[in-house]
Amino acid sequence: MKGVEARLSAPLAAMALLTVGVLVAVLFMIAERVDRDALRHEQQLVQRGVDAKVADLQRIVAPQVFWDEAVKNLDNRFDPAWAADNISAYLIGQGGFDMIFVVNHEDRPVFNARVGKSATAADYERHVTNFKPLIAKVRAGEARRPRVTGPRADGGMVSSPLQASAIEAIDGEVYVVTASLVQPDFGTAVIRQARAPVVVTALKLDAVFLEVFASRFLLAGIHLHRGDMRPDADDAHVPLRDHAGKVVATLDWTPPHPGQRLLRKAVVPILLAVGGLAAVALIFARRSRRIAEGLVASEARAKHMAMHDALTGLPNRVLFEERLRQGVDGLSRRRGALAVLAIDLDRFKAVNDTHGHAAGDELIQVIGARLAGLCRASETLARLGGDEFGVVAVDIDPNGAAALAERLVAAMGAPVDLSCGTVFVGGSVGVAIITPDEAYVGAVEAARRADVAMYRAKDEGRGRYCFFEAEMDAALKARRGLEADLRKAMKDGGVWVAYQPQVDAAGKVLGVEALARWTHPEKGAISPAAFVPLAEDCGLIDDLGRLIMRRAFTDSLRWKHLKVAVNVSALQMRQVGFPDLVGEILAETGARADKIELEITEGALLGDDEVTHQAIGRLRAMGFSLALDDFGTGYSSLSYLRRYPIDKIKIDRSFITPLGGDKEAGAVVAAIVRLAKALHLSVIAEGVETNQQREQLQEIGCVQAQGFLFSAPVTADAIDAIVDEGGRMHLAAVA
Ligand code: C2E
Ligand code: CA
Ligand code: CA
C-alpha cells in the first residue's frame with residue numbers, strides 16, 4: 001500500500017508546489033507591472049502638473065503685459081508708479097512671484113521688484129544668465145511678428161501674448177522664470193521703441209509650492225532635490241530641466257505601490273485558496289488512494305473468497321478440486337501415493353433441526369477447526385459444503401491414510417460444546433488411495449471413490465472409516481437404483497399403507513396400526529425397516545411421512561370405532577415444523593385427532609430439549625394420543641415416561657417372543673406392566689404370535705395385544721371386511 005501512496009502523492013505534491021510557485025510568480029509579475037504602470041502614470045501627472053504650474057504663472061502675467069496700458073506706461077513712457085501698482089504689486093499678489101524685473105528695448109533692467117525689498121539692478125545682473133535665454137526667445141518671436149501700428153478696423157485684438165518660461169537654478173534654489181513681451185492688445189497704443197519691453201518674473205519652487213503640489217496630486221513624501229539625482233530608475237521622480245535641457249532639479253516622492261498593496265491584500269486570500277485547494281487535492285488523493293487500496297484488498301479478498309469457505313475459512317471445493325488435480329498430476333513425480341478422504345458428519349442435521357442454524361454453523365466451525373488441527377501442511381482440508389469435508393494428502397501410504405482417518409473420526413466423535421449446550425455428532429470417513437501407477441484414475445474418480453467409501457462407513461454404523469473397494473461400487477449403484485425406485489413408487493402408488501389390528505382381552509379390535517408398505521415391481525415387498533431409513537438418507541422422508549399420514553388419516557374416517565396408530569420416526573419428530581405439518585394434514589383430510597395415536601420411539605425423545613417438549617405438547621394439545629414404541633429397548637425409559645405426556649407403551653416384540661416358556665422373560669414383561677399401571681398408562685404387547693404368549697400376557701395383566709396371532713398387517717379394505725361395527729373380528733375373512 002505504501003507503494004501506491006508514493007506513486008500517487010509524489011507527482012501530486014510536485015504539481016501542487018509547481019502550481020503555487022507559478023501562481024506566486026505571476027502575482028509578483030502582475031504586481032510589479034501594476035506598480036510600474038502606476039509610477040509612469042504618476043510621473044506623467046507630475047510632469048504635466050509642473051507644466052501646468054508654468055502655464056499658470058504665464059497666465060497670471062499675460063493680462064498685465066498684453067495690454068495697451070502697459071504699452072503706454074512701460075514703453076511710450078516709463079511710469080514707475082504704474083509699474084509698482086500694476087506689475088509688481090499685482091503680480092506678487094496674484095502669483096506670489098519672488099522676483100519681477102522689467103527690461104527695456106535694450107534689454108536693460110528699468111524696474112526691479114522683490115518681495116520684502118526692492119530688487120536691484122545688481123540682482124538682475126547676477127541672474128542675467130538665467131534670464132537671457134528666455135528673453136532671447138521672446139525677442140525672436142517679436143522679430144517674426146509684424147509691427148502693430150494701431151487698432152484694427154473691426155476693434156478686435158491686434159496680437160496675442162508672447163511668453164517663454166523655463167525652470168532655472170538660481171542661487172542654489174529652483175525657480176520658474178518667465179519672460180513676457182509687453183504688447184498692445186487692442187492697439188490703442190503702439191510700441192514706439194525699436195523693441196518692446198520684457199517683463200521677467202521668477203517664482204521659487206519652495207516648501208509652500210511642494211505642499212500645494214503634493215496635495216493636488218496626492219503625492220506622499222515629496223521632495224525637491226537640486227541637480228540630477230536619480231538613485232534608481234524605478235524611483236518616483238520627475239526631472240526638472242532648464243532652457244538648455246539640463247536637469248537642474250529633481251522632484252521625487254514616495255512611489256505608489258498599488259500592485260504591492262494588491263499583492264499584500266491578495267496574498268492571504270490566495271494562500272488560503274491555495275491551501276484550500278491543496279486540502280481538497282489531498283482529500284482526493286487520500287480517497288483515490290483508499291479506493292486503490294480497497295481495490296487491491298478486495299481483489300485479494302475476492303480471490304480468497306473464491307477459494308475459501310466463508311464460515312470456516314478453510315479451502316472450499318474449488319481449491320480442494322484444484323489441489324486434488326495437482327496431486328494427481330504430480331503422482332508420477334512422487335514415490336508416495338495420493339489419498340482422498342471424504343468426511344461427513346453423522347448427526348449434523350439433527351443438531352441443525354433441533355438447535356437451529358446458528359448452532360449448526362457453530363458446530364461446523366468447531367469441527368472444522370478440530371479437523372484442521374489434525375492435518376499437516378501437505379494435507380489440504382477443505383469444507384466441501386454442508387457438513388461435508390474433504391482431505392487431499394500427497395506422499396502418503398495406506399497406513400498413514402488409515403491413521404489420519406482414525407484421528408479424524410475420533411475428533412468428530414468427541415463431544416462438542418456449543419453455546420446451546422453439548423452435542424454429540426460423530427462423523428464417517430471414506431478413504432480412496434491412488435498409487436503412482438494409478439494416475440490414470442484421475443481426480444474426479446478419486447473423489448467419487450472416497451465418497452463411495454464414506455457411504456459404506458455410514459452403512460456400517462457410522463462413526464468409522466472405510467477404504468474404497470471395487471465391490472462397493474456395485475452396492476452403491478444398487479442403492480442409488482433403489483432410491484430412484486422409491487421415488488417413483490411414492491408417485492405411482494407402489495407405496496401404500498397396511499393396517500394391523502390391536503385387540504383387547506376379549507379379542508375385540510380397538511384400533512389398527514398403520515404400517516408402510518412398498519411393493520417393488522421386481523423385488524416384491526420391501527420392508528419399511530429398510531426403506532424408511534433409505535428415505536431418511538436420501539431426503540425423501542418428509543414426502544414419505546406425509547404420504548403415509550395422509551393415507552392413514554383419510555382411512556381413519558372409515559372406522560368410527562377404531563383408533564389408528566401412525567408411526568413417526570425420530571428424524572420426523574425432530575423436524576422443526578412437524579406439529580404444523582400434522583395439523584395441516586389433519587385439516588386437509590378432516591380426520592379427528594382423538595382417533596389417531598402417534599407411535600414414537602425413545603430415539604425421538606433422546607434430545608430431551610425444548611423443541612421436542614414443545615412439539616409433544618402441541619401434538620397433545622391438538623388431541624393426538626402418544627404411544628411409546630419398542631418399549632424396553634432404550635436406555636432410560638422410566639425417566640422419559642415421567643417427563644413426557646405419554647398415553648401408552650408398546651412392549652417390544654423382543655420381550656414377547658420368549659414368552660410361553662421362559663420365566664425370566666415373563667418377569668421383565670410383568671415389571672413393565674406394573675410400571676405402566678403405576679403411571680396410569682395403557683400397555684400393549686406387540687408381536688404376539690401364539691396363544692401361550694397371549695395367555696401369559698393376560699395372566700401378567702397385559703390385556704391389549706397386536707400380532708400375527710390376530711392378524712398380519714392387511715389392506716384397509718381387508719380391515720373393512722374382517723372387522724365389524726362392534727369391533728368383532730371375523731378371522732374367516734382373512735385370506
Ligand atoms: P414397528 O413399529 O415395531 O412395527 C411392527 C412391526 O412388526 C411391523 O413390521 C409388523 O409387520 C411386524 N409384526 C407385526 N406382528 C408381528 C408378529 O406377530 N411377529 C413378527 N415377527 N412381526 C410382527 P414392519 O411392517 O416391517 O415394520 C417395521 C418397522 O418399520 C416398524 O416397526 C416401524 O418402526 C417402521 N415403520 C413401519 N411403517 C412405518 C411408517 O409408516 N412410518 C415410519 N416412520 N416407520 C414405519
Ligand atoms: Ca409401531
Ligand atoms: Ca414396535
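When a ligand or atom number is given, it counts from 1 through the structure's own listing order.
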Point to revise | Within reach of ligand 1, part of Val566 (heavy-atom separation under 4.0 Å) | key: neither

Exercise for review: Mark up the atoms of ligand 1 that fall under 4.0 Å of a heavy atom belonging to Asp629, in ascending order.
Suggested key: 2 (O)

Practice item. List every atom of ligand 1 that sits less than 4.0 Å from any heavy atom of Glu689, numbering the atoms from 1 in the order shown and giving each element. Key: 17 (C), 18 (O), 19 (N), 20 (C), 21 (N)

Point to revise | Distance filter under 4.0 Å to Ser527 heavy atoms, resulting ligand 1 atoms | key: 26 (O)

Practice item. Answer yes or no as to whether an N/O/S atom of Glu599 is found below 3.0 Å from the Ca ion (ligand 2). Key: yes

Point to revise | Under 4.0 Å to a heavy atom of Gln572 - the qualifying atoms of ligand 1, by number | key: 44 (N)

Review point. So is there a nitrogen or oxygen of Ala516 less than 3.5 Å from a nitrogen or oxygen in ligand 1?
Key: yes

Exercise for review: Give the contacting part of Asn567 toward ligand 1: side chain, backbone, both or neither, where contact means a heavy-atom distance below 4.0 Å.
Suggested key: both

Review point. Under the 3.5 angstrom rule, does the side chain of His561 hit a backbone N or O of Asp724 as a donor-acceptor pair?
Key: yes

Exercise for review: Return the orientation label for the His613 and Tyr644 ring planes: parallel under 30°, perpendicular over 60°, tilted otherwise.
Suggested key: parallel

Exercise for review: With heavy atoms under 4.0 Å as the rule, classify the contact between Asp630 and ligand 1 as side chain, backbone, both or neither.
Suggested key: side chain

Point to revise | Region of Pro713 engaging ligand 1 - heavy atom pairs below 4.0 Å | key: side chain

Review point. Under 4.5 Å between any side-chain heavy atoms of Leu408 and Tyr465, yes or no?
Key: no

**Study point:** Side-chain heavy-atom pair Val423, Glu362 within 4.5 angstrom cut-off
**Key:** no

Practice item. Could you go through the side chain to side chain donor-acceptor pair (under 3.5 Å) check for Gln704 and Ser682 one step at a time? Key: CA-CA 8 Å; Gln704 289 189 34; Ser682 329; 4.9 Å; no

**Study point:** Proximal ligand 1 atoms for Gln500, defined as those under 4.0 Å from one of its heavy atoms
**Key:** 14 (C), 15 (N)

Check your understanding: If you round to the nearest 0.5 Å, how far is CG of Leu586 from CD of Glu588?
Key -> 10.0 Å

Review point. Quick one: does Phe708 get an N or O within less than 3.5 Å of an N or O on ligand 1?
Key: yes

Exercise for review: For the Ca ion (ligand 2), find the closest N/O/S atom belonging to Glu513 and write down its atom name.
Suggested key: OE2

**Study point:** Basic-acidic side-chain contact under 4.0 Å: Glu471, Arg456
**Key:** yes

Practice item. Please determine if Asp555 and Arg551 form a salt bridge, counting it only when a charged side-chain N lies under 4.0 Å from a carboxylate O. Key: yes

Check your understanding: Does any donor atom in the side chain of Thr715 or Asp717 lie under 3.5 Å from an acceptor atom in the other side chain?
Key -> no

Check your understanding: With atoms numbered from 1 as shown, which atoms in ligand 1 lie under 4.0 angstrom from a non-hydrogen atom of Ser569?
Key -> 44 (N)

Study note, to complete from the structure: the Ca ion (ligand 2) has as its nearest N, O or S atom from Asp629 the atom OD2

Review point. Only one of Lys458, Arg480, Arg462 forms a salt bridge (Lys or Arg N to Asp or Glu O under 4.0 Å) with Asp537, so which one is it?
Key: Arg462

Point to revise | Region of Lys650 that comes within reach of ligand 1 [heavy atoms, distance under 4.0 Å] | key: neither

**Study point:** Electrostatic pair Asp647:Arg620 at N-O distance under 4.0 angstrom
**Key:** yes

Review point. Which of the atoms of ligand 1 are close to Glu513, meaning less than 4.0 Å from one of its heavy atoms?
Key: 2 (O), 4 (O)

Check your understanding: Just checking, any donor-acceptor pair under 3.5 angstrom between side chains of Thr312 and Asp309?
Key -> yes

Point to revise | For Ile548, the ligand 1 atoms whose distance to one of its heavy atoms is below 4.0 Å | key: 41 (O)

Review point. So is Gln706 close enough to ligand 1, meaning a heavy atom under 4.0 angstrom away?
Key: no

Review point. Quick check: does Arg653 get an N/O under 3.5 Å from an N/O on ligand 1?
Key: yes

